[in-house]
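Before any comments, here is the structure.
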Amino acid sequence: MVEPRLSRGLRDLLPDTMLARQRMIDTIRGVYELYGFSPLDTPAIEYLDVLSGSAGEDAQQQIFQVTNPEGEALGLRFDLTVPLSRVVSQYPDMVFPFRRYQVSSVWRADKPEPGRYRQFTQFDLDSVGAESDVADTEILAAMCDTLDALKVGPYIVRFSSRRILNLVLDYAGIAHDGGPAVFRILDKLDKIGLDKVKLELTTGYRDESGAPIAGLGLSSDQVEKIERFLGIKGASRGEVLKQLRALFANVENAQEEIDVIERISSHLESLGYGSDRVAVDLTIARGLAYYTGPVFEANLLDAPQFGSVFAGGRYDDLVKRFTGRSIPATGASIGVDRLLAALIELGRIEQPKTTSQVLVTAMDGGLMSEYLAITYELRRAGIRTEIHVGAPKRLGKQIQRADRLDIPYVVIMGSDEAQRGVVTVKEMIVGREKAADVGSHEEWKAGRFGQQEIARTDLVKTLRQLLGQ
RNA sequence: GCUGGCGUAGCUCAGUCGGUUAGAGCGCCUGAUUGUGGAUCAGGAGGUCGCAGGUUCGAUUCCCGCCGCCAGUACCA
């Protein structure tokens, strides 16, 4: 015997989760297609060097490695952006800008944590070959439209730019190769607070468990400048940018970089995406090394514990690895599983247990072909119907299935009804509402709650009415 | 990866200061009801006490290792 089990960080998605998830994915796809993006799929497995070129050694440890029968080193993709950059490099005849969406599983050999799995699904939207800030504007707007379509409740999309962060390095007099380490700390601002960020930038500290956190050893003058930058806050995007212009008045190239953000902001403004839901937030950095320009991040205000559920940015150099030429690109990615978990937690998505709308019970073995006929009559009328296919069972057991799976209607026909040319339609919700008021089981059975007897010929019509179709 | 805690039925947990047959609640199955979900009642199934080794006459209990889970921390392209 083999113990049925899954390797850590992997999980099954049972029907109730899948039905909610498919609904969510359909909604997202609808928005992406409204924007005129087209689908792409790529293999789960890629050559290891194709995947890992953009990553350091640390990152490579996070790749699940695979070998093919020919003994070549392969790996499971860890995101959808790297395969996309391979695709656009491999098909030079493609029509650019290439605007694609992709919803697929990715794998990371991380330590699993609540809400974090080793296999998870991303839903990406990217424009490759799109240099203009219109492309970035579209991505930000699509993020808003998607979150609206999903009815997630209040949310905030925040954006900044990698280039602005590089300006901070200049402003504070920090070498650019020290950037990633600084950005990684700034990215934690929300989580650990300003005081600890300052300590990490300077001397480091010991956390509650006594573990040492290394510091970067920046000077107090440098930290003060970073703090001044992080302190920029405003009620609107315009106000934030105004303060930023003042702070960087003497930093070379700063005004041009701020112009880029300003243009995106004013496009958004004229389209009705106001500062209440799309903010310029200079503290977002994104851990990713490959971003080169604007970066985006969206959070749900009612479920902040889920972190960013939708994020992305501009990555103009990723394709260069394959072609030697830069192709400008920008996009964003939804953490499907994380967003779904948030929607379920917030009760903003239904989790049906089945697709069935009607259960046709089988009471009399001699009428089986009649039950099948009824079932197909309903199916051909577009009503999602299942028929009792298990071992012969008492009617109560069959109805119990409808109760447990939330199948709203049950069709009952015994030999008596068959002879008279009628069927009984039972509306399950009625009994559920009466259950608390009924004492004895005799009374419960005799109640025949929610049942009506109708002519067999009226079955489709009646169910259509009940279902509101 | 590091530090600490915890692994007993499908779930939540009790218990064994090392000793005959390891329990409860919930859930599940069957019946009371060969044509009706809920409630109630009666009965039933389900455990190599995480895995392997050691100590012992005897280990689910004590010791060691491994695996898994949880919390914190690091990392997260």
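Convention: sequence-line order gives letters A, B, ...; per-chain numbering from 1. Computed over heavy atoms, backbone and side chain alike; hydrogens, waters and symmetry mates excluded.
If you check G1(B), G37(B), G35(B) against the side chain of Gln400(A), the one that comes closest is G37(B). Closest approach to the Arg108(A) side chain among G37(B), G38(B), C76(B) is made by C76(B) (side chain taken as heavy atoms from C-beta onward). Considering only side-chain atoms of Gln62(A), the nucleotide from A74(B), U36(B), C76(B) that sits closest is C76(B). Listed nucleotides C76(B), U36(B), U34(B) differ in distance to Arg394(A); the shortest reach to its side chain belongs to U34(B). Looking at the side chain of Lys111(A), the nearest of the listed nucleotides G35(B), G37(B), A71(B) is A71(B).
Contact annotation: side chain of Lys445(A) to base of G37(B), donor-acceptor pair absent below 3.5 Å. No hydrogens or angles were tested; on distance alone, nothing pairs the side chain of Arg8(A) with the base of C69(B) as donor and acceptor under 3.5 Å. Judged by distance alone, with hydrogens and angles left aside, Lys397(A) brings no side-chain donor or acceptor close enough to the base of U36(B) to form a pair under 3.5 Å.
Each of Gly450(A) and Glu200(A) was matched to the nucleotide of RNA chain B holding its nearest heavy atom; the match closer to the 5' end belongs to Gly450(A). Both Lys393(A) and Asp110(A) sit near RNA chain B, but only Lys393(A) has its closest nucleotide nearer the 5' end.
Taking the C1' atom of each, G10(B) and C17(B) are spaced 32 Å apart, rounded to whole Å. Distance check on atom P: A52(B) versus U12(B) gives 23 Å, rounded to whole Å. Between G53(B) and C49(B), the distance separating the two P atoms is 14 Å to the nearest Å. Comparing C62(B) with G43(B), their C1' atoms are spaced 41 Å from each other, to the whole Å. Taking the P atoms as reference points, C51(B) lies 10 Å from U60(B), given to the whole Å. Comparing G65(B) with G54(B), their P atoms are spaced 16 Å from each other, to the whole Å. To the nearest whole angstrom, the two C1' atoms, one in A22(B) and one in G15(B), are 8 Å apart. C2(B) and A59(B) are spaced 33 Å apart, taking the P atom of each and rounding to whole Å.
The NZ atom of Lys196(A) lies 10.0 Å from the NZ atom of Lys188(A); values are rounded to the nearest 0.5 Å.
Using a 4.0 Å heavy-atom criterion, one finds that Asp416(A) contacts the bases of the nucleic acid, with or without backbone contacts as well. Note on Arg184(A): only backbone sugar-phosphate atoms sit closer than 4.0 angstrom, heavy atoms only; bases stay farther off. Heavy atoms of Ser440(A) sit under 4.0 angstrom from at least one base atom. Among the heavy atoms of the strands lying under 4.0 Å from Gln451(A) is at least one base atom, whether or not backbone atoms are also near. Within the nucleic acid shown, Gly396(A) comes within 4.0 Å of sugar-phosphate atoms alone, with no base atom in reach, counting heavy atoms only. Among the protein residues, Glu417(A) comes within range of the nucleic acid bases, having at least one heavy atom under 4.0 Å from a base atom.
Contact annotation: Lys188(A) reaches the phosphate of C75(B) (side-chain N/O to OP1 or OP2, under 4.0 Å). Side-chain N/O atoms of Arg404(A) include none lying less than 4.0 angstrom from OP1 or OP2 on G27(B). Contact annotation: Gln398(A) does not reach the phosphate of G37(B) (side-chain N/O to OP1 or OP2, under 4.0 Å). In terms of phosphate contacts, His441(A) brings a side-chain nitrogen or oxygen within less than 4.0 Å of OP1 or OP2 of G37(B).
When side chains are defined from C-beta on, Arg448(A) does not count as touching Thr424(A), because their heavy atoms never get closer than 4.5 Å. Looking only at side-chain heavy atoms (C-beta outward), Val295(A) and Phe159(A) stay at 4.5 Å or farther from each other. Within the 4.5 Å cutoff, no side-chain heavy atoms of Val157(A) are placed close to those of Phe310(A). Counting heavy atoms from C-beta on, the side chains of Val410(A) and Gln451(A) never come closer than 4.5 Å. Between Arg21(A) and Asp337(A) there is a side-chain heavy-atom pair separated by less than 4.5 Å.
Rounded to whole Å, the distance from CZ on Arg116(A) to P on G72(B) is 13 Å. Distance, Asp364(A) CG to U34(B) C1': 12 Å, rounded to whole Å. If you take CG of Asp403(A) and C1' of U36(B), they are 11 Å apart, rounded to a whole angstrom. In this structure, CG of Leu6(A) is placed 11 Å from P of C69(B), rounded to the nearest angstrom.
Residue ring and base: Trp444(A) does not count as stacked with A39(B) (centre distance below 5.5 Å and interplanar angle below 30° not both satisfied).
Outside the 6.0 Å centre-distance limit, the rings of Tyr101(A) and Tyr35(A) are not counted as a close aromatic pair.
Of the nucleotides present, none pairs with U48(B) by Watson-Crick or G-U wobble criteria with both distances under 3.5 Å. U3(B): Watson-Crick or G-U partner is A71(B), with both key distances under 3.5 Å. In this entry U40(B) has A32(B) as its Watson-Crick or G-U wobble partner, both defining distances falling under 3.5 Å. Under the Watson-Crick or G-U wobble criterion, with both distances below 3.5 Å, C57(B) is paired with G19(B). Taking a pair to require two hydrogen-bonding distances under 3.5 Å in either a Watson-Crick or a G-U wobble arrangement, A24(B) pairs with U12(B).
In this structure, Phe449(A) and Trp444(A) have tilted ring planes: the angle between them lies in the 30° to 60° band.
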